[in-house]
Number of protein chains: 2
Amino acid sequence: MIGMKIGELARSTRTAVETIRYYEKIGLMPQVARTEGNYRSYGSNEAERLGFIRRARDLGFGIDQVRALLSLADERDRDCGEVDFIAKSNLLEVERKIAALQNLQQELSAVVRQCRAGKVADCRILKALGRPADWAD
Amino acid sequence: MIGMKIGELARSTRTAVETIRYYEKIGLMPQVARTEGNYRSYGSNEAERLGFIRRARDLGFGIDQVRALLSLADERDRDCGEVDFIAKSNLLEVERKIAALQNLQQELSAVVRQCRAGKVADCRILKALGRPADWAD
DNA sequence: ATGAACCCTGTAGCAACTACAGGGTCAAGT
DNA sequence: ACTTGACCCTGTAGTTGCTACAGGGTTCAT
């Protein structure tokens with residue numbers, strides 16, 4: 001589809017209109033030609049590019065990583081090691097976050113288990129928060 | 001220890017000095033008395049309060065949740081159901097995040113596994129990003 | 001011609017800090 | 001007395017990745 005307005009592009013990529021304008025502002029999407037009424041006019045190149053961006057973002061790549069992937073994708077003769085590196089860093093980061101959250105979940109559910117429906121004055125949750133974590137009970 | 005300067009309080013609670021000033025600005029920590037030289041002077045009450053805040057934050061409670069816990073902790077006669085509710089909401093939220101990240105990890109490691117060290121032009125990672133997720137290979 | 005649905009720019013807000021800039025204070029050493 | 005260095009102060013701007021206006025203009029159908 002050629003000559004899409006921003007709203008159509010937004011619908012076809014499940015992206016908010018304002019996000020597209022934001023991507024343009026930060027240089028992730030190009031500045032495209034305008035119609036007579038000063039509306040942005042997008043073609044299939046831009047739709048593909050935005051699709052790439054969306055999928056990368058959904059997989060947890062940061063904006064700067066997406067930027068790097070997009071620019072690497074243009075240097076077709078280059079070795080793809082750097083692409084691999086970015087993807088693996090991202091995976092490691094996701095795994096690190098999972099581990100951190102699982103620790104959190106352990107500690108937090110230990111705290112929640114303490115609850116014996118009573119008065120605030122005796123609340124074990126508040127007591128658990130009110131002293132260093134390694135104090136025994 | 002009484003009459004601590006902000007730096008001592010920071011060290012003793014493993015908090016950045018600027019974070020303490022920030023907590024004061026948003027009303028999570030009180031405005032304390034100043035020395036002659038206009039330095040903040042903290043006592044053990046404030047140290048305890050900041051310790052509580054730090055532990056709650058480390059357990060993933062948001063600033064507003066911490067604010068609520070602190071104010072509930074003062075109403076000693078109140079039933080502690082609300083405390084329990086806040087803690088359980090937080091736990092659910094943490095569990096939700098873990099699940100989302102685990103999905104991400106699955107998809108991302110599927111993408112990373114595709115890599116056959118070659119040229120960017122044939123890069124499977126980039127190909128995986130360059131098309132809708134449900135296209136087969 | 002008027003209303004709804006769309007588009008435009010520009011700025012401010014979110015969470016929870018962090019990082020300056022541009023100063024003042026205090027204790028120790030020379 | 002003076003200087004050095006470590007600390008403190010306020011206030012503002014930056015971070016990430018958008019989202020939400022405010023205050024307009026355009027397009028198209030009725």
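Scope of the values below: all heavy atoms of this structure, side chains included, with no hydrogens, waters or symmetry mates. Order of the sequence lines sets the chain letters (A, B, ...), proteins ahead of strands, with each chain counted from 1.
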- Item | Given D/dG17, D/dC9, C/dT18, the nucleotide with the shortest approach to the side chain of B/R34 | D/dC9
- Reference residue B/L69; test side-chain contact (heavy atoms from CB on, under 4.5 Å); the match among B/D64, B/N90, B/I86, B/I53: B/I86
- Of the candidate nucleotides D/dT10, C/dC7, C/dT18, which contains the atom at the shortest distance from the side chain of A/I6? C/dC7
- Query: Does the side chain of A/R40 get closer than 4.0 angstrom to OP1 or OP2 of C/dT9 through an N or O atom?
  - Reply: yes
- Query: Under 4.0 Å: is that the gap between some side-chain N or O of A/T19 and OP1 or OP2 of D/dT19?
  - Reply: yes
- Message: Less than 4.0 angstrom between a side-chain N/O of A/R57 and OP1 or OP2 of D/dC18, yes or no?
- Response: yes
- Message: Please report the distance, rounded to the nearest Å, between CD1 in B/I20 and C1' in C/dA16.
- Response: 15 Å
- Nearest-Å distance for atom pair CD1/C1', residues B/I26 and C/dA15: 10 Å
- Task: May I ask you to decide if B/L70's main-chain N or O and B/R49's side chain share a donor-acceptor pair within less than 3.5 Å?
- Result: no
- B/Y39 OH to C/dG23 P, in whole Å, measures 16 Å
- Any N/O donor-acceptor pair, A/E18 side-chain to C/dC8 base, under 3.5 Å: no
- Note on the structure: Separation of D/dA13 atom P from B/K25 atom NZ, nearest Å, is 11 Å
- Task: Using atom CD of B/E8 as one end and atom C1' of C/dA27 as the other, report the distance to the nearest whole Å.
- Result: 14 Å
- Side-chain H-bond candidate by donor/acceptor type, B/R54 with B/T13, under 3.5 Å: no
- For A/N38 and D/dG23, give me the distance from atom CG to atom P, rounded to whole Å. 21 Å
- Task: Rounded to the nearest angstrom, tell me the gap between atom CZ in A/R21 and atom P in C/dT9.
- Result: 7 Å
- Between C/dA16 atom P and B/L28 atom CG, what is the distance in whole Å? 10 Å
- Message: Is there a side-chain contact between B/R11 and the phosphate of D/dA6, meaning an N or O under 4.0 Å from OP1 or OP2?
- Response: no
- Message: Between B/A16 and A/E24, which residue's closest nucleotide on DNA chain C lies nearer the 5′ terminus?
- Response: A/E24
- Query: Can any side-chain N or O of A/E46 pair as donor or acceptor with the backbone N or O of A/G43 at less than 3.5 Å?
  - Reply: yes
- Over 12 non-hydrogen atoms of neighbours within 6.0 angstrom of CZ in A/R14: no
- Query: So, is B/R54 close to the C/dA16 phosphate, meaning a side-chain N or O under 4.0 Å from OP1 or OP2?
  - Reply: no
- Query: Looking at B/Y23, does any N or O in its side chain come under 4.0 Å of the phosphate oxygens OP1/OP2 on C/dC17?
  - Reply: yes
